[in-house]
Amino acid sequence: MMRFIMLLCFAPIPAIMAALYLNETKFKKNIVVGVTLPYKARSDADVLEKLSRYKKESIIVCAVLIMSAFACLLAKGDMNFVQALMRWLLPATILPNIPYVLCNRDLKKIKKSRGWGFEDPDKVIVDTRTIPEMKWISPLWFLLALLISLLPFIWEGGFALIYIIDAVCIISFWFSYRWIYRSKAEKVDENPSLTDTLSRIRKRNWGRMWIILAYSMAALNVAVSLFPADPAMLMVMTLVISLAIVAAVIGVEMSTRAAQEKLTRESGKGIYLDDDDKWIWGLFYYNPSDYHCFVNDRVGTGMTANLARPAGKVLAVLSLVIIFSLPFIMPVTNTVLNKAPELKLGETELVSSSGRTEY
Amino acid sequence: MLLKFDFKSEVPLYLQLRNQIVMGIAEGELQYGYLLPSVRSIADESGINTMTVSKAYQLLKQEGYINTDRRRGTSVCWKKEEARLPEETVENLRLCLAELRLSGLENDEILRLCEKLCEEEKK
């Protein structure tokens, strides 16, 4: 049962990544698989052929990864199963990116050969008419979530640490919502009303995402406090809320992308914005002229780090360390937990120790 | 108004911003009371440091082109009827004249050049 619950948590990762990556094959804001192309590229035979190949490759990679996740069930013993799953996470995180990067490279080649790019990397033009008006969600909404998350202290104080961690998370969500967001106009072409609408949609969905996360944390605290003596229910509630969070966040992302796709369906016929030179493989933002550490993803609601800034570099290295340490987490934990118990005989006492516990 | 920033230019970014706002006021694009974007908005939009934008606004404020109100924000406060010739501008003009003479231009050629530039600006 435990194995299936873990598999349920991990196996959908490639499918979610594939769904997000396959969504990149639809033109949004004139961008497809991280490459900005003009309207006429949407009917170009070479572009369509590359996109079709990319879709096939993504689906194959996803299917292979899901099957290999199920193959982890063959491992003997729960520890070995978890260890296999942790090892599986590394390719599951990296492999779906490979078809994307290859397709991005091919599309850039086509773009160059057709003479579609017109970038001037050293100049930035700001249209003061399209700078979005900032109207933030009141911090009181986050405060309410914070109060709800602390309510369980009244009737059940056994999980104080969890309540406090979740409350800190809610505060950090407000901080992320308010201070990480870069209020940049979603400029696609010369149409100021389109820029305004796209900016508003992104801003609204950014707020929705953080509010969902804040109230999910509050719900998690309440759920945990309701079943203090029932570990199975605790696990089920945590799992259900975690899945609900993932579903809600992906839902918000997809709704932003759908709106971007719908609104920019006719864009790219005249002058359009092109900053592909600042995006390595269409995935990583590198712009030494940009002082900001965080920038908006070009498509969807998310943010990404500017790898040209020192903080961006630190974040990138940390992410790599976390990803590449995944296969080693379980062997290290296993070594500690499976260490043979030690017995030490003193003058008046016998001390037995197993791992960090002494008896 | 379109603000253009050239990151390869030798002119500092704060001066590029300051100069474009002054040009905007001179050309009538930014009139008295026109609300300028906030420091953070320009910084977010252009990728420039907020301190750089703030420096340009401080300079414009010192020069009397804009003023800042906590509630309203930053607006253009330059009025044609209250216009005065800043001493620093006269000094800069003297320097420009000296440079033009050193480049071999006579007084009448300098005047013709100024007239031509004024005509170009009107267009």
Side-chain angles (χ1 to χ4, degrees), chain A residues 119-136 178-190 192 195-196 198-200 202-203 206 271 273 275 277-279 285-298 303-312, chain B residues 1-57 60 65-66 68-76 78:
Chain A
E119 303 144 5
D120 191 354
D122 301 316
K123 283 191 179 141
V124 169
I125 298 174
V126 175
D127 189 346
T128 55
R129 295 166 305 169
T130 56
I131 289 180
E133 285 292 318
M134 298 304 292
K135 277 184 185 164
W136 299 100
R178 183 67 181 81
W179 300 109
I180 289 183
Y181 188 73
R182 179 168 173 184
S183 174
K184 195 175 179 190
E186 294 279 293
K187 200 170 172 62
V188 177
D189 53 29
E190 288 183 307
T195 306
D196 188 49
L198 288 169
S199 306
R200 280 171 198 273
R202 188 190 194 111
K203 177 81 191 308
W206 174 255
I271 291 173
L273 194 82
D275 60 353
D277 57 301
K278 298 174 186 97
W279 291 84
Y285 185 70
Y286 184 90
N287 182 9
S289 300
D290 194 335
Y291 184 80
H292 294 74
C293 177
F294 291 103
V295 292
N296 299 348
D297 276 338
R298 290 189 293 178
M303 306 283 292
T304 192
N306 180 4
L307 299 184
R309 309 302 313 168
Chain B
M1 182 192 189
L2 290 178
L3 296 170
K4 291 170 191 162
F5 297 99
D6 188 348
F7 289 90
K8 279 258 170 89
S9 166
E10 285 180 8
V11 181
L13 288 167
Y14 82 94
L15 264 186
Q16 288 184 33
L17 176 58
R18 179 258 175 207
N19 292 347
Q20 288 179 77
I21 291 175
V22 171
M23 294 281 274
I25 296 170
E27 286 163 8
E29 197 177 349
L30 305 178
Q31 295 192 339
Y32 180 81
Y34 181 92
L35 273 178
L36 290 168
S38 68
V39 169
R40 189 180 166 187
S41 297
I42 293 184
D44 278 351
E45 203 64 34
S46 60
I48 296 172
N49 189 350
T50 46
M51 299 295 280
T52 307
V53 182
S54 183
K55 194 174 173 182
Y57 272 27
L60 287 161
Y65 292 115
I66 62 170
T68 311
D69 182 276
R70 269 176 191 269
R71 281 181 297 176
R72 271 194 79 226
T74 306
S75 59
V76 174
W78 185 88

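All chains are named by letter (A, B, ...) in the order of the sequence lines, taking the proteins before the strands, and each is independently numbered beginning at 1.
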For B:Ser38, what residues pass the side-chain contact (heavy atoms from CB on, under 4.5 Å) criterion, not counting sequence neighbours?
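B:Ser38 satisfies side-chain contact (heavy atoms from CB on, under 4.5 Å) with B:Arg40, B:Ser41 once adjacent residues are dropped.
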
Checking A:Arg182 now: which residues fulfil side-chain contact (heavy atoms from CB on, under 4.5 Å) with it, not counting sequence neighbours?
A:Lys184, A:Asp290, A:His292, A:Val295, A:Asn296, A:Met303, B:Asp44

Please list, in residue-number order, every residue in residues 23-36 of chain B that has a heavy atom less than 4.5 Å from any heavy atom of chain A; write 'none' if there are none.
B:Tyr34

Verify, without hydrogens or angle tests, whether A:Thr128 (side chain) and B:Met1 (backbone) share a donor-acceptor contact under 3.5 angstrom.
yes

Can you tell which of B:Ser46, B:Gly47, B:Ala43, B:Pro37 has the highest number of heavy-atom pairs within less than 4.5 Å of chain A?
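Going by pairs under 4.5 Å, I would pick B:Gly47.
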
Contact winner vs chain A - B:Ile48, B:Asp6, B:Asn49, B:Leu13, heavy-atom pairs under 4.5 Å:
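The candidate making the most pairs under 4.5 Å is B:Asn49.
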
Nearest-0.5 Å distance that lies between atom NZ in B:Lys4 and atom CG in A:Asp127:
10.5 Å

Contacts satisfying side chain to side chain donor-acceptor pair (under 3.5 Å) that involve residues 7-22 of chain B (not counting sequence neighbours) are A:Asp122-B:Lys8, B:Arg18-B:Glu63

Heavy-atom proximity to chain A below 4.5 Å, by part of B:Leu2:
both

